2 protein chains.
Amino acid sequence: MAQPIPLQKDPSQTDRALLGIRDLVLRGEFKTGERLPELALVELLGVSRTPIRAALQKLAEEGLLEASQPTGYTVRGFSETEIADAIEVRGTLEALAARMAAERGVSASFLAAMSDCLGRIEALLTKVKPGRDFLAQYCQFNTQFHELLAEASGSEIVARALTRAGSLPFAGHNAFVSVQGEIPASLEIFRIAQRQHREILEAIEARSSARVEPLVKEHARLAYKNLQLALQNNEAMKTLPGASLIRRRP
Amino acid sequence: MAQPIPLQKDPSQTDRALLGIRDLVLRGEFKTGERLPELALVELLGVSRTPIRAALQKLAEEGLLEASQPTGYTVRGFSETEIADAIEVRGTLEALAARMAAERGVSASFLAAMSDCLGRIEALLTKVKPGRDFLAQYCQFNTQFHELLAEASGSEIVARALTRAGSLPFAGHNAFVSVQGEIPASLEIFRIAQRQHREILEAIEARSSARVEPLVKEHARLAYKNLQLALQNNEAMKTLPGASLIRRRP
DNA sequence: CCCTGAAAAATTGTATACAGTCTGTATTCA
DNA sequence: TGAATACAGACTGTATACAATTTTTCAGGG
């Protein structure tokens, strides 16, 4: 039903450039505001300028880079407020998707698939120790649930808007999951998130469009709380990809 | 305060390609689902493949084109439902922007600029005959008001999301203004829209975040009504750029 | 010492050549 | 006649050369 993976046989040079540049930026190899000369990237990544340019254009569209005057691209920085706004945008669109799912109705089999996904998260949460595997698997199922939620809207337009809103750095569903490995209260946070997942699903099942909207918005706000926890914990920040892009308050 | 125009000295080949391809598609020179071979566009537009490819990528990001399997781009079609969804997304984000403006507050001078813009629309509406000039000027001021509204949110992230949501064909503020030149009730529709503009501005001025949200959503829904009017009026459809992309209900 | 201006270097915009892939057709063999 | 294969054409992915523009450097004059 869902078309999951665009079946990439061997990754194209453009893909390599895209992943490579994103990785370089998120690792902090380039400082905020710094320019990304194409030839430097050619040397670093071993692909020619053409795919580099395509990747730069895509990353600028994502919001990770910024077209700079009069030409070229620079690394973009994000204030705490901007991250909060990005989360708010994502939450708003996700709430719209959920409301539409509740209004238009979702097939029983689709609801079962969503419930199944949540069941796996619950199975994961019964394990005592959240190790590396745990985080990776949680991200996978969490992503799947949110993708199913977007699809449940029945609107490709909405799903698309949601994907783009979530592609902004730190705005995605799993943006601050990595830091939870370093935070004492992490297991509790996962449990809260999971309870919200269940409530969201129940509201959609019950066609309660009025109820599901605030539930989803509240769920998105959990990401903002995680951001604040991360900012207070230097150890956690070290595990956060792209931490160098966050402009701390002066 | 607002950075209005990116000061384009002479348009680059990429700009020419972007505008050219968009124009070709909106004029219906390519049918829905039809592929756009790069070499054909090279011949039609007289620029080389490199800027053509950049433009195709941008237009796919906008939503006008679609990356097709296994390669290349095709013209995308839009059902009435999809257009309604796109309007809903735009309205939702615009409501978020307005709510944030009301919550965070807007400077007196900025409010004055918005009011000034509305004053010009009102001056326009006192003229009896809505001719071609009228429509062009209305679009200009209407766009300005909505841009000011986005800026009033105080969030570049939100403004950005809004811009992108409005760049989808038929989702923008002026999407169906052109058809109003052909519709008898058009002047009344302009007046309703303008009344809503005023109410939105008043709600922001009064910091009524709870009130401004539904007002903006309702205002966006006016675009949907215009769509329905246009679909019922064959003469109006002829003046609508991109009319050939709309998939009528079977 | 700083400011000005020209040359040099760096960088991006654009065109184009080449290679790999997919598609459709025709030809050959069973 | 039908199927399989090989060939031809079209198209996109990639690399790279060249042009135009911007930035930097440095020398000379105020």
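The model shown is predicted, which means the values in this text are computed figures rather than measured ones.
- Aromatic ring pairs are classed by plane angle as parallel below 30°, tilted from 30° to 60° and perpendicular above 60°; the pair B/Phe145 and B/His197 is tilted.
- Between the side chain of A/Asn174 and the main chain of A/Cys139, a donor-acceptor pair closer than 3.5 Å is present.
- Between the CD atom of B/Gln57 and the P atom of D/dT14 there is a distance of 12 Å, given to the nearest Å.
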N/O donor-acceptor pairs under 3.5 Å from side chains in residues 38-51 of chain A, not counting sequence neighbours:
residue	atom	partner	partner atom	Å
A/Glu38	OE1	A/Arg49	NE	2.8
A/Glu38	OE1	A/Arg49	NH2	2.9
A/Glu38	OE2	A/Arg53	NE	3.0

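- Across all strands, A/Thr71 comes closer than 4.0 Å only to sugar-phosphate atoms, never to a base (heavy-atom distances).
- The aromatic rings of B/His219 and B/His146 sit parallel to each other, their planes meeting at less than 30°, with 60° as the upper class boundary.
- Note on A/Leu36: only backbone sugar-phosphate atoms sit closer than 4.0 angstrom, heavy atoms only; bases stay farther off.
- Counting non-hydrogen atoms under 4.0 angstrom, B/Arg35 reaches the backbone sugars and phosphates but no base.
- Atom OH in A/Tyr73 sits roughly 18 Å away from atom C1' in C/dA10 (whole-Å rounding).
- Taking 3.5 Å as the limit, the base of D/dT16 and the side chain of A/Thr50 contain a donor-acceptor pair of atoms between them.
- For B/Leu39, the side-chain atoms get nearest to D/dT12 when compared with the rest of D/dT12, C/dT12, C/dT14.
- If you take CD of A/Glu43 and P of D/dT16, they are 13 Å apart, rounded to a whole angstrom.
- Side-chain proximity of A/Pro37 to C/dT14, D/dA15, C/dT11: nearest is C/dT11.
- For the pair B/Arg49 and A/Pro70, nearest-nucleotide mapping onto DNA chain D gives the more 5' position to B/Arg49.
- If you check every strand for non-hydrogen atoms under 4.0 Å, A/Ile52 touches nothing.
- Distance, B/Gln69 CD to C/dT21 C1': 14 Å, rounded to whole Å.
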